[in-house]
> 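Let me give you the structure first, and then I'll get to my questions.
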Amino acid sequence: MYHAIYATRDTTLYEKNFRRNAGIDQVLELIKYVESVPDENDFYYDGTYNSRILLKFDINHLSSLIASNVVSRRAKYHVSLKATDASDLPIDYDIHLFAVSQSWENGVGHYNDYPEITTGASWTYRNGYYDGNGLTWIKNAFRPGTTGSFSTNSGGGTWYTGSAFFASQNFNYAKNPDIKINVTNIVHKWLSGSIANNGFIVKRPSADEFSSDYKGAIRFFSTDTHTIYIPKLEITWDDSNISQSSSISEVSDNFEVMVSNIKKNYRTNSKYRFRILSRDKYPTLDYSTTNNYLNFKRLPTSSFYAIQDSVTDDFIIPFDTGSTRLSIDSEGNYFNINMESLLPERFYKIVFKVVNNKKFTEHIIDEGFYFKVVR
C-alpha cells in the first residue's frame, strides 16, 4: 500500500545571504561556493558558503490514520525530492538529513527579490530579520541532544543528534540525483511525542561543507513548483494477502489481463479496490459445455501494480515488492489505493508487472487502463 503526504513548507537557507528568505521559490538548492571557483555570474567569493534545505510535513492526522488502520503501524517513511537540475557533482557523495530542533517560519521571499525579503527563515533567523529583532538560530551552547554548525556565517539551523534523528543517502556514480531517504525512525519520534515536529533539514556532510573543495549544485522542485514534483513523505507497507492463492488456478505464461471495475473518475478523498481479471490467451481445448474464454484465473503471486502519470510517464507509485504486490481472493487479483495520495485533476494509468518465478519470465502489462482523480 502507498500513501503520500505532501510538504506544506520548505525553503533554502543561504550562508552567503544570511538574512535572505526564499520561502516561495520554485526550487530548493544544495549549493556551495568556495574562493577558488566562480559562481554562474563569474563572481568569486571571499570564503566558503553553503546552503541547506528546510522541509515540513503536516502529520497531525497521521496518528488517527494509524489508529483506524488506514496506515499500517509497520509502514516505512521516505522523504522524496525530485531534482530539476544538477551540475559538477562528485562521483561519490552523501546527502544528510536531520530532524530540526527549533521552530521556523516559511516566509514569502524569492532568492532574486530586490530588495531582498527578510521575513521568514534564513541562515541567521528562524522567523525573519525584523530590523534585528527576529528569533535567531542557536549558534552555540546548544541544548542537550542538539547541535548546529556553520562554515563562515553563524546560523544555518539546528538539529537533533543521535542515530534515531539522522538519515542519509549515498550517491555513487549515480545518474539520478533524486533524493529518497528512509526517515522512519524520525517520524516515529514525532508520532510518539519524543520531539516536536519542526521538519527536516537537508544538507551535505559537515566534512563536505567545511572543505575548500567545490561540491557542485543540486536543485530540487519545491512546494511552490508548477509541476507534479512536490516534495513528499512517502508511506509504504505490504497490505497484500495471497492466502487464498490455492483456491483459484494460475494463468499460463501466455495470458490476458483486464481491470474489470475501473471508472473514469475518482474523488481525491476516496479509497478504492481495483479488481483484476486474467485468463489464458489460448485456453486448452476440451469438450466442456462452458466457454473456456470465460474461465478467469489469477496471476502468479509475484505480481505487482504501479501508477503512472499519463502526461509525464513518471511512476507516481512505482513497482515495489514491499508495497505494491497484488492480493488474491476467490474472485482473482485486486489491490487497494487511497486516491488522496495522487494529485487531483490529473490522469493516471495502471501498469502491471507479472513475474513467473517457475518459468523465469517477466511481463509488463501496459494496456491503457486510465483513470482521473478529481476534487
Side-chain angles (χ1 to χ4, degrees), residues 5 7-23 28-30 32 48-60 62-63 77-79 81 94-107 118 120-130 132-170 179 181-211 231 233:
I5 297 176
T8 55
R9 288 191 278 164
D10 57 22
T11 189
T12 304
L13 309 179
Y14 294 96
E15 188 171 12
K16 175 62 178 176
N17 310 101
F18 55 90
R19 294 191 304 220
R20 180 173 297 175
N21 175 260
L28 303 165
E29 292 189 296
L30 278 184
K32 178 181 180 181
T48 299
Y49 299 96
N50 294 281
S51 75
R52 295 168 181 167
I53 294 169
L54 294 179
L55 295 166
K56 179 73 180 291
F57 297 90
D58 184 358
I59 64 166
N60 289 332
L62 188 53
S63 294
Y77 300 83
H78 290 81
V79 166
L81 292 174
D94 293 302
I95 299 297
H96 285 184
L97 181 150
F98 296 87
V100 179
S101 59
Q102 292 181 273
S103 62
W104 52 280
E105 296 296 329
N106 196 77
T118 59
S122 63
W123 187 271
T124 300
Y125 293 90
R126 296 192 286 128
N127 67 338
Y129 173 54
Y130 300 115
N133 294 319
L135 299 174
T136 60
W137 297 103
I138 295 175
K139 304 167 187 176
N140 48 52
F142 298 103
R143 298 168 184 167
T146 69
T147 191
S149 67
F150 54 89
S151 176
T152 303
N153 288 325
S154 59
T158 61
W159 52 90
Y160 290 96
T161 58
S163 59
F165 308 98
F166 164 75
S168 66
Q169 183 174 350
N170 174 257
I179 285 177
I181 299 180
N182 189 325
V183 294
T184 303
N185 288 338
I186 296 175
V187 174
H188 284 172
K189 291 294 183 182
W190 290 339
L191 292 173
S192 69
S194 298
I195 60 171
N197 174 17
N198 293 311
F200 301 104
I201 187 166
V202 183
K203 62 190 288 294
R204 287 191 168 97
S206 295
D208 288 353
E209 289 187 333
F210 283 92
S211 167
L233 182 65

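No experiment lies behind these values; they were computed from the predicted model shown.
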> Please step through side-chain contact (heavy atoms from CB on, under 4.5 Å) for the pair Tyr49 and Asn153, ending with a clear verdict.
CA-CA 8 Å; Tyr49 299 96; Asn153 288 325; 3.8 Å; yes
> Any chance you could measure Tyr14, atom OH, to Asn21, atom CG, to the nearest 0.5 Å?
10.0 Å
> For a 4.5 angstrom cut-off between non-hydrogen side-chain atoms, does Tyr125 reach Thr118?
no
> Side-chain contact, heavy-atom cut-off 4.5 Å: Trp159 with Thr147?
yes
> Describe, in one word, how the ring planes of Phe200 and Trp190 are oriented to each other, choosing from parallel (under 30°), tilted (30 to 60°) and perpendicular (over 60°).
tilted
> Measuring from Glu15:CD to Ser154:OG, what's the distance to the nearest 0.5 Å?
9.0 Å
> Start with the C-alpha distance between Glu209 and Ser151, add both sets of side-chain angles, then the distance that settles side chain to side chain donor-acceptor pair (under 3.5 Å), and finish with yes or no.
CA-CA 7 Å; Glu209 289 187 333; Ser151 176; over 6 Å; no
> In Å, rounded to the nearest 0.5 Å, how long is the span from CD1 of Ile138 to CZ of Arg143?
4.0 Å
> May I ask you to check whether Thr158 and Ser101 show a side-chain donor-acceptor distance below 3.5 Å?
yes
> Under 6.0 Å from the NZ atom of Lys32, do we count more than 12 heavy atoms belonging to anything else shown?
yes
> Work out which heavy atom in Ser103 is nearest to a heavy atom in Asn198; give both atom names and the distance.
CA-OD1, 3.5 Å
> Apply side-chain contact (heavy atoms from CB on, under 4.5 Å) to residues Ile95 and Val202 and explain how you reach the verdict.
CA-CA 7 Å; Ile95 299 297; Val202 183; 3.6 Å; yes
> Would the distance check show the side chain of Asn197 and the main-chain N or O of Phe57 forming a donor-acceptor pair, the cut-off being under 3.5 Å?
yes
> Kindly compute the distance separating CG (Asn127) from CD (Gln102), expressed to the nearest 0.5 Å.
10.5 Å
> Indicate the atoms forming the closest heavy-atom contact of Leu30 with Ser51, along with that distance.
CA-OG, 3.4 Å
> Any idea which heavy atoms bring Ile186 and Ala99 closest together, and the distance?
CG2-CB, 3.8 Å
> Please report the interatomic distance CG(Asn17) to OG1(Thr124), rounded to the nearest 0.5 Å.
10.5 Å
> Got Gln169 and Ile179 here, is their nearest side-chain heavy-atom distance under 4.5 Å?
yes
> Hey, does the side chain of Thr146 reach the backbone of Phe142 with a donor-acceptor pair shorter than 3.5 angstrom?
no
> I would like to know whether Thr152 and Lys16 meet side-chain contact (heavy atoms from CB on, under 4.5 Å); could you show each step before the answer?
CA-CA 8 Å; Thr152 303; Lys16 175 62 178 176; over 6 Å; no
> Check for a donor-acceptor pair, side chain of Thr11 on one end and backbone N or O of Ser122 on the other, with a separation under 3.5 Å.
no
> Of all heavy-atom pairs between Gly157 and Ile201, which one has the smallest distance, and what is that distance?
CA-CD1, 4.3 Å
> Using the rule side chain to side chain contact (heavy atoms under 4.5 Å, CB included), only one of Leu55, Val183, Asp58 pairs with Leu233; which is it?
Val183
> Using every non-hydrogen atom in the two residues, find where Ser63 and Leu191 come nearest and quote the distance to one decimal.
OG-CD2, 3.6 Å
> Cation-pi check, Arg19 to Tyr129: give yes when NZ or CZ is under 6.0 Å from the six-membered ring centre and within 45° of the ring axis, no otherwise.
yes
> Are Ile5 and Tyr77 close enough that some pair of their side-chain heavy atoms sits under 4.5 Å apart?
no
> Side-chain contact test, heavy atoms from C-beta onward, threshold under 4.5 Å: evaluate it for Trp104 versus Asn106 and give yes or no.
yes
> Go through the structure and list residues passing side-chain contact (heavy atoms from CB on, under 4.5 Å) with Asn140, not counting sequence neighbours.
none
> Mind checking whether Trp123 and Arg52 have side chains closer than 4.5 Å, heavy atoms only?
yes
> CG of Asn170 to NE2 of His96: how many Å apart, nearest 0.5 Å?
9.0 Å
> Any chance you could lay out the side-chain contact (heavy atoms from CB on, under 4.5 Å) test for Val187 and Leu62, step after step, and finish with the verdict?
CA-CA 10 Å; Val187 174; Leu62 188 53; 4.2 Å; yes
> For a quick test of reading the model, state the closest non-hydrogen atom pair linking Tyr160 to Phe98 and the distance between them.
O-CD2, 3.7 Å
